[in-house]
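Each remark here refers to the structure printed beneath this line.
Hydrogens, waters and symmetry mates are skipped; everything else that's a heavy atom, side chains included, is used.
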There are 2 protein chains.
Amino acid sequence: MMSANEAALGRLQELVVVLSEDMEQGLAALGLTRSRAHVLWELHRCGPVTQRTLSDALRVTPRNVTGLVDALVDGGFVSREPHPTDRRATLITLTGSGAETAAAMAAGQRDLADQLFGSLPPGGVEEFTATLDHLLAQIRSQQGAGGAQR
Amino acid sequence: MMSANEAALGRLQELVVVLSEDMEQGLAALGLTRSRAHVLWELHRCGPVTQRTLSDALRVTPRNVTGLVDALVDGGFVSREPHPTDRRATLITLTGSGAETAAAMAAGQRDLADQLFGSLPPGGVEEFTATLDHLLAQIRSQQGAGGAQR
DNA sequence: TATTGTTATACTCTATAACTATA
DNA sequence: TATAGTTATAGAGTATAACAATA
């Protein structure tokens, strides 16, 4: 038998799958993969930064950043500019097209949020957010103690 | 500015990241990747099946299934058994060790669900599940109309 | 000596296309 | 002729290790 807790977790996973597919599809329409979009998003948030900074922010290796940036340069989304004071480093900078794409991602995010939560009853979003906060605290407090599946 | 809807979506994404990391870590401890665990899970649910069936269930190509099953055979989790009536097909079957691992995944899932939802107030899980159902219906009803980011 | 980014190499997941053995 | 699974090839994301240029 399945407990109510298991049912909830299953439903949550189902939502994640559907949302992920939706997002991936939207990104593909913009010519992006998930990882490359993540880089673009970071640049959108934090302006031109070094690859080292991206490596830390995305928590992937510097080598990996090289590959992602290569692809984004090929796609015309970003350019490598010289660092003004450190000749070892490069400043990854959004091109005009890259900035437009990032703006489209932000708009898509807003639309998705409204589409998802717009029809909840008054106070529903706030309550849902509060529950998510509780779940986040739960999982973070006991982090390190096992966990598995799918 | 960020709307309440955007904040909720952001929080949901945060939860997804933390949950994913937790699961991936648990699976790694069992010697599994996400994709291989998915195969094991399907076998746990549906008994010995052909690779073709797995291909349909996981929605990946037959070629991909070959690779995943190869890895699971190497790890001692499953074996390829002859199909009783169709000599083209193989029945992918859990080994003793594979069945134990699948049981461990199921147990981990139960533990995680209890850890997450166990401390919600009475009726809280049911309400949360109802909201998730609503969100799922929302996203499914409007599927096909754009969406992006991360 | 430490840091930035690269080349070299490798593993996993994924896909398409061509092919073999069987239905 | 169609289906089950494989080999061949390719691309994306990830990692470690060794190395160059610069701090």
Item to check | B:R52/B:D56 under salt bridge (charged side-chain N to carboxylate O under 4.0 Å, His left out): CA gap, chis, key distance, verdict | outcome: CA-CA 6 Å; B:R52 176 69 214 187; B:D56 290 339; 3.2 Å; yes

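- With C:dT16, C:dC13, D:dG13 as the choices, the nucleotide that has an atom nearest any side-chain atom of B:L68 turns out to be C:dC13.
- In this structure, CZ of A:R36 is placed 12 Å from P of D:dG11, rounded to the nearest angstrom.
- Linking Ile, Leu, Val, Met, Phe, Trp and Tyr residues whenever their side-chain heavy atoms come within less than 4.5 Å places A:L135 and B:V18 in a single cluster.
- Of the residues in residues 71-81 of chain B, those placing a heavy atom less than 4.0 Å from an atom of DNA chain D are B:R80, in numerical order.
- Taking the six-membered ring where the residue is Trp, B:F128 and B:F117 present tilted rings, their angle falling between 30° and 60°.
- In the hydrophobic clustering of ILVMFWY residues, with side-chain heavy atoms under 4.5 Å counting as a link, A:L12 and B:I139 come out together.
- Between the side chain of A:T95 and the backbone N or O of A:G76 there is at least one donor-acceptor pair closer than 3.5 Å.
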Next on the checklist: Before you tell me yes or no, could you show the steps for A:R36 and A:D74 under salt bridge (charged side-chain N to carboxylate O under 4.0 Å, His left out), namely the whole-Å CA-CA distance, both residues' side-chain angles and the distance that decides it to 0.1 Å?
Outcome noted: CA-CA 12 Å; A:R36 292 170 195 178; A:D74 281 356; over 6 Å; no

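- The CG-P distance, from B:L27 to C:dT12, rounds to 15 Å in whole Å.
- The interatomic distance linking B:D56 (CG) with D:dG5 (P) rounds to 10 Å, in whole Å.
- As judged by a 4.0 angstrom heavy-atom cut-off over every strand, A:T61 is placed among the base-contacting residues.
- Distance, B:D70 CG to D:dA8 P: 13 Å, rounded to whole Å.
- Between B:T90 and D:dA4, a side-chain N or O to OP1/OP2 separation shorter than 4.0 Å is absent.
- With rounding to whole Å, A:H83 atom NE2 is found 9 Å from C:dG5 atom P.
- More than 12 heavy atoms of other residues, nucleotides or ligands shown are found within 6.0 angstrom of CZ on A:R140.
- For A:R52 and C:dT6, the CZ to P distance is 13 Å, given to the nearest whole Å.
- Donor-acceptor pairing under 3.5 Å is recorded for the side chains of B:S79 and B:E81.
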Checklist entry - What is the per-nucleotide protein-contact pattern of nucleotides 17-23 of chain C, from the 5' end, where B denotes a base atom under 4.0 Å from a protein heavy atom, S denotes such proximity for sugar-phosphate atoms only, and - denotes neither? => result ----BBS

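- Comparing C:dC13, D:dG5, C:dG5 by their nearest atom to the side chain of B:Q51 picks out D:dG5.
- Base contact: A:T66 has a heavy atom under 4.0 Å from a base atom.
- A:N64 places its CG atom 18 Å from the P atom of C:dA10, with the value rounded to the nearest Å.
- A single hydrophobic cluster is not seen to contain both A:L91 and A:F77; linkage of ILVMFWY side chains at heavy-atom distances under 4.5 Å, directly or through other members, places them apart.
- Look at CD on B:E24: it is 11 Å from C1' on D:dT14, rounded to the nearest Å.
- There is a side-chain donor-acceptor pair under 3.5 Å between B:H134 and A:S119.
- Residue contacts shown for A:S55 are absent, as no nucleic acid heavy atom lies under 4.0 Å away.
- Listed nucleotides: D:dG5, D:dA15, C:dT14. Nearest to the side chain of B:A89: D:dG5.
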